[in-house]
Amino acid sequence: MVNFSHLCMVYFLLTRPNFMSDIIKHECGIALIRLRKPLSFYIEKYGTPTYALDKLYLLMEKQHNRGQDGAGVASIVLNVKPGYPYIFRERSVKTQSIPDIFKKIYKKFTKAQKHNPKEYLKGHWLNHNVPFAGELFLGHLRYGTYGGNSIDQCHPFIRKNNWRSRNLVVAGNFNMTNVDEQFDKLVSLGQHPKAKADTVTVLEKIGHFLDMENQRLFDMYNEQGYTNIEITELLSNNIDLQRVLQRACKDFDGGYVMAGLTGYGAAFVARDPAGIRPAYYYADDEVVVVASEKPAIKTAFDVEYDTIKEVSPAHALIIQRNGEVDEYQFTETLPQKSCSFERIYFSRGTDPDIYRERKQLGRLLTDNILQAVDYDLENTVFSYIPNTAETAFLGLTKGVDHFLIQQRKKAIISGELKLEEIEKVLTFRPRVEKLVLKDAKMRTFITDDKHRDYMVAHIYDTTYEVINKRVDTIVVIDDSIVRGTTLEKSIINMLEKLAPKRIVIVSSAPQIRYPDCYGIDMSRMHDFIAFRAALALLKDTQNQYLLEEVYHKCLDSSTLEIHKIQNHVKEIYAPFTYEQVSDKIAEIVKPKHVKAEVKVVFQTIDNLHIACPNHSGDWYFTGDYPTAGGNKVVNQAFINFMEGKGGRAYS
């Protein structure tokens, strides 16, 4: 049993002001290119041997938002004679990791052109003499949600073998909830993994079954009397990657898009059964390209959006050695729960669907915001937190405009207005100002709490003398509120300097209540302002006994079979309405010296699903996890909180 005084101490330590930013590290990005014709074709048509590299560079830069902790590029050269290298890789953890990698790669081509100008535009010579002069490329952008940030943690990872068809290169956007079980299975196979990490287990598990497939075919062809050299070629043309993935991935639990290159020239991109993580592809007679975001493909290859397809959940896009491409199912599907946070925050808003969805998220907040400002639009100023909330802000202003149009109709139809009143009604517009500006160059290197707190408060700046002091209400919309620290330490303090009557903070996302375990850096219960609010409400209502009850239910469930585990943390929020939690959040984030009334308005779950109908993954808001491993993780996260443990709840 957890001692009550210890529980109170844990609560104090974990709810005192911290100094984390609300910026969320999240899902990585991938980019894959397969040239479907010989290198000489692209040299002749485009006048350069770096056609694929140029496109890969653009694909990665246009997904830079998905990973800034490091990057990596790997390439396979097809049909190289024995004695020549055919697998190449560059990785970097420098601040500008993508340019750093490509500068090194392009330097190899510059050197080749300088010393061998007569051979430089000959595809066959380049294949055998210049690194990365291949037909198959895989790029990765890393956002480290856990662990360190060394070059060894950057994808792609390589599993080497002297048999060409057993070589494997893997990179991906994934987090597994059952790494411990996968690790144990590798050990039971007789392996000795070098680390207990999902990157290692994925590489070794797929690699193991690739070895098994090689051995199965080798034995079959050997019995048929083929020579070893003949078998090598037969393996390259007949390995069944669908079978490999079916065997390797059948018990994976998590959100993933895994991309792999084989030494013999085939490739795959496998997506999880619930479609949690995104993957898109385009194919024509020259190339096959895969990326985490559609706009990257659109920009790099200038193709129509409707020609860019989504990799189906539980399917792998498999590109054969001969360039043929198709989707193949490799595991049973689950109800599709594509990540809604992709639409709210992570992905670039240049995707037309995401742009429309973010505007809709803002528009759907209109009614709740009007209630929060008592419908006093004459004394209300609307603004947003830069930069990802800007699109939702446009939707909100459209919603307010629509409300005003309806009010104008009613007022005019009533026939009760005088001429000057009609003119006022027709010309009135909501007040929109750019109140919040982020100082992109400012960094808080000061480490002691007192002075760092002071610096954090000045990361944002504001526009002065546009607010009627103690008369106006300020409405500021952000894409999401996770920890609440930036609100408490910066935004509200800054807006208070304008002396408004009321500050309304609006989140285009619902309340974030539960940890993520599929690739977003939201893994600890005490990080969430909504959880802190629930704890405070339990204390206010003298229901803290629920913490002990839920703690023991979570402990008991840890011994159950994974499919029988329920999310017991939901019981912490059950006694309170959505509005009660929002009001308590407002109370927590309001500094004591602030005179303005502070309100916080969150998006509703129902409106989220209206705005993003095809991306119903909402587990961080509702606790409804798409895989069985999610319930296990959330319960363990609560156990960690109760026992005062840091770190995330899965390996």
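What you see is a predicted model, and the numbers here were worked out from it, not measured in a lab.
Of all non-hydrogen atoms in Leu59 and Ala291, the two that sit nearest each other are CD2-CB, 4.4 Å. Nearest heavy-atom pair across Tyr620 and Ser340 is OH-N, 3.2 Å. Closest of all the heavy-atom pairs between Leu126 and Ala133 is O-CB, 3.4 Å. Considering all non-hydrogen atoms of both residues, Leu78 and Arg321 come closest at CD2-O, 3.9 Å. Counting all heavy atoms, side chain and backbone alike, Arg358 lies closest to Arg348 at NH1-C, 4.3 Å. Shown here for Ile477 and Gly362, the closest heavy-atom pair between the two residues is CD1-CA, 4.5 Å.
Checked for salt-bridge contact, Glu310 and Lys294 miss the test: no charged N lies under 4.0 Å from a carboxylate O. Salt bridge annotation for Asp211-Arg159: present, with a cationic side-chain nitrogen under 4.0 angstrom from a carboxylate oxygen. Using a cutoff of 4.0 Å between basic side-chain nitrogens and carboxylate oxygens, Glu357 and Arg343 are scored as salt-bridged. Classification of Arg356 and Asp353 as a salt-bridged pair holds, one side-chain N sitting under 4.0 Å from a carboxylate O. Lys37 has no carboxylate O lying under 4.0 Å from a charged side-chain N of Glu286, or vice versa, which leaves the two without a salt bridge.
Counting only residues at least two apart or in different chains, ring-ring contact (aromatic ring centres under 6.0 Å, His included) contacts with residues 68-87 comprise Tyr84-His128.
In this structure, Ile276 CD1 and Thr627 OG1 are separated by 5.5 Å, a value rounded to the nearest 0.5 Å. Remark: Ile206 CD1 to Cys249 SG distance equals 5.0 Å, nearest 0.5 Å. Annotation: the span from Lys250 atom NZ to Lys205 atom NZ amounts to 7.5 Å, rounded to 0.5 Å. A distance of 3.5 Å separates CG of Asn214 from OG of Ser165, quoted to the nearest 0.5 Å. Taking CZ from Arg247 and CZ from Phe330, the interatomic distance works out to 15.5 Å, rounded to the nearest 0.5 Å. We find the CD1-OG distance between Ile385 and Ser480 to be 11.0 Å, quoted to the nearest 0.5 Å.
In this model, no donor atom of one side chain and acceptor atom of the other lie less than 3.5 Å apart for Arg91 and Gln153.
A distance-only check finds no donor-acceptor pair linking the side chain of Gln191 to the backbone of Pro193 [under 3.5 Å]. Without hydrogens or angle criteria, Ser92 side chain to Lys94 main chain gives a donor-acceptor distance under 3.5 Å. Side-chain atoms of Thr299 never come within 3.5 Å of backbone atoms of Ala296 as a donor-acceptor pair (strictly under, hydrogens ignored). Using a distance-only test at 3.5 Å, with no hydrogens or angles considered, no donor-acceptor pair links the side chain of Thr333 to the main chain of Ala314. A donor-acceptor pair is defined here as one N or O able to donate and one able to accept, closer than 3.5 Å; such a pair exists between the side chain of Asp253 and the backbone of Gly629. The main-chain N or O of Gln329 is found under 3.5 Å from a side-chain atom of Gln242 such that the two form a donor-acceptor pair. A donor-acceptor pair is defined here as one N or O able to donate and one able to accept, closer than 3.5 Å; no such pair exists between the side chain of Asp272 and the backbone of Gly255. For Lys298 (side chain) and Val303 (main-chain N/O), a donor-acceptor pair under 3.5 Å exists by modelled atom type. In terms of modelled atom types and a separation under 3.5 Å, the side chain of Ser616 and the main chain of Gln336 share a donor-acceptor contact. Arg36 places a side-chain N or O within 3.5 Å of a backbone atom of Gly323 that can act as its donor or acceptor partner.
Looking at Arg89 and Val73, their side chains never come closer than 4.5 Å, going by heavy atoms from C-beta outward. Inter-residue side-chain proximity for Ile43 and Pro49 is flagged as met; some heavy-atom pair is nearer than 4.5 Å. The shortest side-chain heavy-atom distance between Arg271 and Pro313 falls under the 4.5 Å cut-off. Taking the side chain as every heavy atom from C-beta outward, Cys339 and Arg277 approach each other to under 4.5 Å. Glu293 is listed as a side-chain neighbour of Asn65, based on a closest heavy-atom distance under 4.5 Å. Between Phe88 and Val77, some side-chain heavy-atom pair lies under the 4.5 Å cut-off. With a 4.5 Å cut-off on side-chain heavy atoms, Ile30 and Val269 count as touching.
A side chain to side chain contact (heavy atoms under 4.5 Å, CB included) with Tyr221 holds for exactly one of Asn238, Asn228, Thr232; it is Asn238. Tested against Phe341 for a ring-ring contact (aromatic ring centres under 6.0 Å, His included), the candidates Phe621, Trp619, Tyr518 yield a single pass: Phe621. Test Leu168, Leu32, Asn167 against Leu261 for side chain to side chain contact (heavy atoms under 4.5 Å, CB included) and you get one pass: Leu32.
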- Item | Trace of the side chain to side chain contact (heavy atoms under 4.5 Å, CB included) decision for Leu39 with Asn127 | CA-CA 8 Å; Leu39 185 58; Asn127 287 152; 3.7 Å; yes

- Item | side chain to side chain donor-acceptor pair (under 3.5 Å) between His609 and Asp618, worked out | CA-CA 9 Å; His609 291 156; Asp618 60 6; 2.9 Å; yes

- Verdict with supporting geometry, Lys55 and Phe137, side chain to side chain contact (heavy atoms under 4.5 Å, CB included): CA-CA 10 Å; Lys55 296 295 186 183; Phe137 297 85; over 6 Å; no

- Pair Phe209-Glu213, side chain to side chain contact (heavy atoms under 4.5 Å, CB included): steps then yes or no: CA-CA 6 Å; Phe209 287 104; Glu213 176 69 2; over 6 Å; no

- Message: Run the side chain to side chain contact (heavy atoms under 4.5 Å, CB included) test on Leu394 and Tyr355 for me, step by step, so that the C-alpha distance in whole Å, both residues' side-chain angles and the decisive distance to 0.1 Å come before the verdict.
- Response: CA-CA 10 Å; Leu394 294 176; Tyr355 181 76; 3.8 Å; yes

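Taking a 6.0 Å sphere around NE2 of His115, one finds it holds more than 12 heavy atoms contributed by other residues, nucleotides or ligands. Applying the 6.0 Å contact sphere to CD of Glu230 captures more than 12 heavy atoms from other residues, nucleotides or ligands. Lys62 NZ: 12 or fewer foreign heavy atoms inside a 6.0 Å radius.
Contacts of Tyr51 classified as ring pair (Phe, Tyr, Trp, His ring centres under 6.0 Å), with partners at least two apart in sequence or in another chain: Tyr42, Tyr46. Every residue was checked against the ring pair (Phe, Tyr, Trp, His ring centres under 6.0 Å) condition with His208, not counting sequence neighbours, and none meets it. By the ring pair (Phe, Tyr, Trp, His ring centres under 6.0 Å) test, Tyr328 pairs with no residue at all, sequence neighbours left out. By the ring pair (Phe, Tyr, Trp, His ring centres under 6.0 Å) test, Tyr57 is found to be paired with Phe102, residues two or more places apart in sequence or in another chain being considered. In this structure, Glu135 has no salt bridge (Lys or Arg N to Asp or Glu O under 4.0 Å) partners at least two apart in sequence or on a different chain.
Taking the centre and axis of the six-membered ring of Tyr280, the NZ or CZ atom of Lys309 falls outside the cone set by 45° and 6.0 Å.
Between Tyr256 and Phe174, the gap from one ring centroid to the other reaches at least 6.0 Å.
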